[in-house]
Amino acid sequence: MVELKEWITELKTEKPELKDFVTKLEGFISDTGFSASKFENAVAIGLQKKEEEVRKTFIADAED
């Protein structure tokens with residue numbers, strides 16, 4: 001896993017535009033590997049939040 005962590009550090013330096021994304025992604029990487037289920041759960045929660053924001057926008061627009 002050391003190679004992966006080194007690669008991530010290099011990637012953040014070489015591609016600063018990806019730094020925020022890669023930093024968030026690091027939370028799903030441990031010494032045992034990438035936690036796909038934890039990542040999928042976080043994505044699902046994020047999508048639910050965005051969906052709720054869109055619904056609120058539609059409701060606010062309909063009320064105006």
Side-chain angles (χ1 to χ4, degrees):
M1 214 35 61
V2 172
E3 299 87 16
L4 182 58
K5 291 184 180 191
E6 289 173 0
W7 177 76
I8 288 172
T9 301
E10 287 176 25
L11 183 63
K12 288 195 292 187
T13 303
E14 293 172 4
K15 302 275 186 175
E17 66 273 14
L18 297 177
K19 186 176 180 177
D20 290 340
F21 173 75
V22 173
T23 299
K24 290 177 185 176
L25 190 61
E26 281 181 295
F28 303 102
I29 300 171
S30 69
D31 292 336
T32 58
F34 180 73
S35 177
S37 61
K38 187 176 172 184
F39 178 77
E40 290 171 0
N41 188 43
V43 169
I45 290 170
L47 289 173
Q48 287 173 343
K49 288 179 181 179
K50 288 297 178 187
E51 201 173 304
E52 186 60 29
E53 288 176 22
V54 169
R55 271 196 202 107
K56 287 179 182 178
T57 301
F58 285 146
I59 291 169
D61 288 346
E63 291 174 349
D64 287 340

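Since this is a predicted model, take the numbers as computed values, not measurements.
Under the side chain to side chain contact (heavy atoms under 4.5 Å, CB included) criterion, L18 pairs with L11, K15, V22, not counting sequence neighbours.
A salt bridge links E53 with K50: at least one charged nitrogen is closer than 4.0 Å to a carboxylate oxygen. Between E52 and R55 there is a salt bridge, since at least one side-chain N of the basic residue sits less than 4.0 Å from a carboxylate O of the acidic one.
To the nearest 0.5 Å, the span separating CD on E14 from OG1 on T9 amounts to 11.0 Å. Atom CD1 of I29 sits about 6.5 Å away from atom CD of E26, to the nearest 0.5 Å.
Note: F39 and F34 have tilted aromatic rings, judged against thresholds of 30 and 60 degrees for the angle between ring planes.
When the side chains of ILVMFWY residues are joined at heavy-atom separations under 4.5 Å, either directly or via intervening members, F28 and L47 end up in a single hydrophobic cluster. Placement of L25 and V43 within a single hydrophobic cluster is found when ILVMFWY residues are connected by side-chain heavy-atom separations under 4.5 Å, directly or transitively.
Applying the ring-ring contact (aromatic ring centres under 6.0 Å, His included) rule to pairs touching residues 43-64 yields nothing, sequence neighbours excluded.
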